[in-house]
Protein chains: 2
Amino acid sequence: MSATKKSTLVLVAERAGVSIASVSRVMNGLPASDAIVERVQKAADELGYVPDATARSLKAGKTQQIALAVADAGNPVYVAMMHEISRVVTKAGYRLILSSTGSEPGDQIDLLTNLNRGFADGLVMSPLKVTDELVARIQASRLPIVVIGSLPGDVEIDNVRADSVRGVGLAVEHLVEQGRQRIAFVNGPVDTVPGAARLGGYLRALDEQGLPHNADAQVNARDFTYKAGLKAVTKLLDRSTPDSIVCANDLLAIAAIKVITARGLRVPEDIALVGMDDTDLAELANPSITSVNLGSVKRAKTAAKLLLRRLEDPDAPVRREVIQPTLTIRESTSSPARPAVDPAANPAARQAAGETAPATPEPTRNQKREPLL
Amino acid sequence: MSATKKSTLVLVAERAGVSIASVSRVMNGLPASDAIVERVQKAADELGYVPDATARSLKAGKTQQIALAVADAGNPVYVAMMHEISRVVTKAGYRLILSSTGSEPGDQIDLLTNLNRGFADGLVMSPLKVTDELVARIQASRLPIVVIGSLPGDVEIDNVRADSVRGVGLAVEHLVEQGRQRIAFVNGPVDTVPGAARLGGYLRALDEQGLPHNADAQVNARDFTYKAGLKAVTKLLDRSTPDSIVCANDLLAIAAIKVITARGLRVPEDIALVGMDDTDLAELANPSITSVNLGSVKRAKTAAKLLLRRLEDPDAPVRREVIQPTLTIRESTSSPARPAVDPAANPAARQAAGETAPATPEPTRNQKREPLL
DNA sequence: CTGTTAGCGCTTTCAA
DNA sequence: TTGAAAGCGCTAACAG
């Protein structure tokens, strides 16, 4: 299986007939006479010597490793962020350690304790739930930590977050512009940071648009997954007839497509759909999903850079960055350009007009309205 | 930002009034008198002492870290494998280092050199392309390496692979059973290990089924991505009229759905579809995609365990495992089972049967067919 | 049972 | 310029 034994400074020094200090200098490009450089290089090559990372770390007090902790590793948006962080820190000469944690604050706290073992020089984390204790622990940490996601008040922690309130606002505004009035909301758990923020954004956006709040038009999935989304959307459609839905992430939006089309309704004609996170899934979906881009990649990149900055300057002032959202418009909200305005032939327009049922019978009506699930 | 300075064995020893050896023993649960245990524990608690991982590593010659190198980190199947490996090694007390590499063998070779720096105890890798040099380097590696994916001949490297030839066979057989005869194949690059294997499987399966080879019915996407898939499928449909397509992975299959529906054709009625890898995407797609499960999670798990085994027994015999594929049947190949009841009256049932539109004209039909792209 | 001591492999004064 | 030597924080002989 394996081969040549591991070679060390000492071995190289012996072979080159110099001191270990000289070998070290040559390996690090420090000044040395040509003669020594040459002999050391030769010996090192022959022995296939490469400096040991652990020994270096011990000596330097740095590991060149950065840890990443995300709660919901199954969500494509975190995968995308992970890749971006990996890219940035690798370029800076760091290795990335994946510290999968559960979604509970306790898990993250365990991780913080563990971090003190010094296996990494810093941490990027994106907690789904933030408790006072977690915040306290982060602040008390000996190692630099950058948090992705909203943090309460004015805690002095390097932080980069999305403006998801504004993000939901963009979604709602867009739908209103498309003539939608009954805008439902499929959220994840509201005891999570994103869940709470997105709900707040939804309610605020309704107010801004002068639309009424309607409890029946809101539903919370058990978590931010596709499966939970199926249940939530089913529940939603069982008790209300929205002309559009804002989903708190793209997975929930995909679930919405499934449920909607399974009921014989169409996206976007009958129900328009906006997702959030603007992950690859939004593009892959059929129809593709208009999605609020919360700048996940940019957040990831910024977070990584913030950490690198603090690593080289521990006394730099704390930075709290907010990434502005944008809206990527796709098929799920593209209003069908209908030539003649015959409400009966166009359920979306009909609903937009605030009419729940036409006075005259209409062929597809019963089929479409019939509750199926 | 930070807080209490780092505390070491020495600090704890001083505070407890004992030797550092005693502290070490207590921290490691080695025999010690109750009195000492108590005093050390107290001192350690007060100082918030946790043993330093780097120092331990240097002493022990082990890092408790495992590196993972996958070429195509964007592909959901690798993400799934990553999670599984993370799960398994974490449970065994290892940290996982993500070593993203490019798809070229050169990148992987660089990584192997780097591995010799000893930042990890072992490596799990899944190279997209395998050259003789890469194989040689793996064999010459001082550290245990497990390769996920096919390896040439009988090289003595711990290895776990999928039987993708059989996998494609399952797909083709299934389609034939569904009455499909003109089975096209959308592959990725054939200069990759999976690309080559899947092509081989396709040709062989055609032979076994007594179906003719048809060059027009085969196309290779530039890579295994959605985007490349769009192009490839477009090209395919421009020059042939298959009644079904086997796609070399789920991303390509999703691309196929897009292109097919954009042309006003239906999946599965006009063209049935089988993907490969059986990722979450296959379930999320609309219609959901029948997919060959190549045991990615099981492969990942097996690979991780193989590595752990070798870590504790470097002289264990080399193992080469093959994971058998299965087929997960979903909507994209479900033959429309027409119920006695009038399908038009029940859209959900129609959908569940995998039928997007009935054969006979029906009011909403045209709306549904309307291509959105 | 407990303390002393010698390294793990490296970087970095400090002298020469 | 080069070498000798002192540790980084820990574990594991080895004495006592």
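Quick caveat, the model's predicted, so the values are computed rather than measured.
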Would you kindly give the [atom1]-to-[atom2] distance between [X] and [N], to the nearest whole Å?
X	N	atom1	atom2	result
I20(A)	dA6(D)	CD1	P	12 Å
K6(B)	dG9(D)	NZ	C1'	7 Å
L30(A)	dT11(C)	CG	C1'	9 Å
M27(A)	dT11(C)	CE	P	9 Å
F119(A)	dC8(D)	CZ	C1'	19 Å
L47(A)	dG9(C)	CG	C1'	15 Å
Q64(A)	dC10(C)	CD	C1'	14 Å
E14(B)	dG3(C)	CD	P	14 Å

* Just how far is it from atom CG of D34(A) to atom CZ of R39(A), taken to the nearest 0.5 Å? ->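 Reported to 0.5 Å precision, the distance equals 12.5 Å.
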
* To do: Report the distance from atom CD1 of I109(B) to atom OG1 of T131(B), rounding to the nearest 0.5 Å.
  =>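 Those atoms lie 5.0 Å apart.
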
* Establish whether the base of dG3(D) is bridged to the side chain of R25(A) by a donor-acceptor pair shorter than 3.5 Å. =>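 Between dG3(D) and R25(A), which were checked side chain against base, a qualifying N/O pair under 3.5 Å is present.
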
Give a yes/no on whether any side-chain N or O of [X] is located under 4.0 angstrom from OP1 or OP2 of [N].
X	N	answer
T8(A)	dG9(C)	no
R56(A)	dT11(C)	yes
S33(A)	dT1(D)	no

* N159(B) (side chain) donor-acceptor with V147(B) (main chain) under 3.5 angstrom ->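 Indeed, once roles are kept as given, a pair shorter than 3.5 Å links the two residues.
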
Can you identify which nucleotide, out of [options], has its nearest atom closest to the [X] side chain?
X	options	result
L9(A)	dT4(C), dC10(D), dC10(C)	dC10(C)
L58(A)	dC10(C), dG3(D), dC8(D)	dC8(D)
K59(A)	dG9(D), dG9(C), dG3(C)	dG9(C)
A32(B)	dC10(C), dG3(D), dT2(C)	dT2(C)
S24(A)	dT11(C), dC10(D), dG9(C)	dT11(C)
N28(A)	dG3(D), dT11(C), dT11(D)	dT11(C)

* Asked: Distance only, no hydrogens: is a donor on one side chain within 3.5 Å (strictly under) of an acceptor on the other, for N28(A) and R56(A)?
  ->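 Yes, side-chain donor-acceptor contact under 3.5 Å.
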
* **Test item: side-chain donor near acceptor, S100(B) and S86(A), under 3.5 Å** =>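 Yes, because at least one side-chain N or O of S100(B) sits under 3.5 Å from a partner of the opposite role on S86(A).
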
* Passing candidate, salt bridge (charged side-chain N to carboxylate O under 4.0 Å, His left out) with K129(A), options D107(A), D72(A), D191(A) ->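 Answer to the salt bridge (charged side-chain N to carboxylate O under 4.0 Å, His left out) test with K129(A) among D107(A), D72(A), D191(A): D191(A).
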
* To do: Remember a base hit wins even if backbone is also touched, and classify P31(A) as base, sugar-phosphate or nothing at under 4.0 Å, heavy atoms.
  =>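 Contact class for P31(A): none.
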
* To do: Check every strand shown and say whether V18(B) touches a base, only sugar-phosphate, or nothing at a heavy-atom separation below 4.0 Å.
  =>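 V18(B): backbone/sugar contact only, no base atoms under 4.0 Å.
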
* When the nearest nucleotide of DNA chain C is assigned to S22(B) and to D52(A) on a heavy-atom basis, which residue is associated with the more 5' position? ->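 Result of the comparison: S22(B).
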
